[in-house]
Amino acid sequence: MPQRHWIAAILIAMSAPAFAADQFFSTLDPAPMTMATRFDVAGSGTITGSLSGNMLTVDGRFEGLASPATRAHLRAGVMTGVPGDAFADLTVIQGTSGTLSGKIKLDGKQLKALQAGAIYVQIDSVKAPDGTLRGWLLAR
């Protein structure tokens with residue numbers, strides 16, 4: 001192919017919209033915030049997310065917490081693995097095992113963060129009120 005055709009193909013590819021994932025998954029893993037809470041965080045689980053337009057549906061299961069869950073929420077960091085602020089509460093079973101769920105309307109900034117892997121689920125518990133399990137929602 002002549003060079004001008006390669007250049008045209010590259011320009012067309014660059015102007016095409018990026019693929020936007022609509023299915024997300026993560027494992028929930030212990031997230032000790034301090035040395036003092038490291039013995040109070042335990043457990044595991046999984047979460048899935050499904051995006052339809054700007055509506056994110058989140059479902060998950062967890063087990064093995066050191067104390068009952070008190071709250072679950074979505075948080076946004078600046079990138080995968082970097083903690084950030086809570087922006088939406090999820091419904092969670094208040095036990096050492098159970099389920100969580102929620103349906104959240106995301107704004108433009110939150111949609112970009114989700115596509116970049118910067119949105120995560122955090123479960124807080126009685127003994128670890130600043131987070132016991134965490135999982136970043138990553139595209140499948």
Side-chain angles (χ1 to χ4, degrees):
M1 182 184 284
Q3 184 177 9
R4 66 176 178 253
H5 293 290
W6 280 105
I7 293 171
I10 290 171
L11 291 174
I12 290 169
M14 289 174 56
S15 65
F19 171 73
D22 60 358
Q23 298 295 314
F24 301 86
F25 176 81
S26 186
T27 58
L28 290 166
D29 298 307
M33 296 296 287
T34 67
M35 291 300 287
T37 62
R38 71 185 182 278
F39 297 114
D40 298 327
V41 296
S44 62
T46 58
I47 51 174
T48 59
S50 178
L51 186 64
S52 179
N54 64 345
M55 293 300 293
L56 176 64
T57 302
V58 177
D59 291 293
R61 295 188 170 280
F62 62 92
E63 62 185 13
L65 272 60
S67 62
T70 56
R71 182 177 175 213
H73 41 102
L74 287 177
R75 299 175 75 94
V78 294
M79 61 189 292
T80 304
V82 178
D85 296 328
F87 68 88
D89 288 327
L90 301 170
T91 301
V92 66
I93 299 296
Q94 296 190 352
T96 57
S97 64
T99 60
L100 61 92
S101 62
K103 190 169 186 174
I104 302 91
K105 183 177 181 178
L106 302 178
D107 64 23
K109 183 177 178 181
Q110 293 161 342
L111 281 168
K112 286 182 183 177
L114 178 64
Q115 296 295 342
I119 301 289
Y120 64 100
V121 171
Q122 180 172 302
I123 298 176
D124 302 333
S125 68
V126 171
K127 289 184 178 179
D130 294 323
T132 190
L133 293 180
R134 245 183 229 163
W136 270 261
L137 288 166
L138 302 175
R140 281 190 172 191

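For the single chain, residues carry numbers from 1 onward in sequence order. Values below: all heavy atoms of this structure, side chains included; hydrogens, waters and symmetry mates excluded.
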Visitor: Counting only heavy atoms not in M55, do more than 12 fall under 6.0 Å of its CE?
Guide: yes

Visitor: Can you list every side-chain hydrogen bond (donor to acceptor under 3.5 Å, both in side chains) pair that touches residues 88-109, not counting sequence neighbours?
Guide: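 Every side-chain hydrogen bond (donor to acceptor under 3.5 Å, both in side chains) pair that includes a residue of residues 88-109, provided the two are not neighbours, is R71-D89.
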
Visitor: At what distance, to the nearest 0.5 angstrom, does CG of D40 lie from CG of D130?
Guide: 11.5 Å

Visitor: Rounded to the nearest 0.5 Å, how far does CD of E63 lie from OG1 of T46?
Guide: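 Atom-to-atom, T46:OG1 and E63:CD are 9.0 Å apart.
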
Visitor: If you look only at pairs with a residue in residues 58-80, which of them pass as a ring pair (Phe, Tyr, Trp, His ring centres under 6.0 Å), with sequence neighbours excluded?
Guide: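 Output for this query is empty, none listed.
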
Visitor: Taking side chain to side chain contact (heavy atoms under 4.5 Å, CB included) as the criterion, tell me which of L114, V58, T57 meets it with F24.
Guide: L114

Visitor: Can you measure from CG (L100) to CD1 (I123) and round to the nearest 0.5 angstrom?
Guide: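 It is 5.0 Å, given to the nearest 0.5 Å.
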
Visitor: Suppose we screen for side-chain hydrogen bond (donor to acceptor under 3.5 Å, both in side chains). Which residues come up paired with T27, at least two apart in sequence or across chains?
Guide: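 T27 satisfies side-chain hydrogen bond (donor to acceptor under 3.5 Å, both in side chains) with D29 only.
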
Visitor: Listing request: all ring pair (Phe, Tyr, Trp, His ring centres under 6.0 Å) pairs with a residue in residues 82-117, at least two apart in sequence or in separate chains.
Guide: none

Visitor: Minimum heavy-atom separation for L56 and L137, please, with both atom names.
Guide: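 Scanning both residues completely, I find the closest heavy atoms to be CD2-CD1, 4.2 Å.
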
Visitor: Applying salt bridge (charged side-chain N to carboxylate O under 4.0 Å, His left out), name anything that partners D59, two or more places apart in sequence or on another chain.
Guide: none

Visitor: Which distance, rounded to the nearest 0.5 Å, do you find between the CG of L28 and the CZ of R61?
Guide: 12.5 Å

Visitor: Under the ring pair (Phe, Tyr, Trp, His ring centres under 6.0 Å) definition, can you give me all pairs with a residue in residues 118-140, not counting sequence neighbours?
Guide: Y120-W136

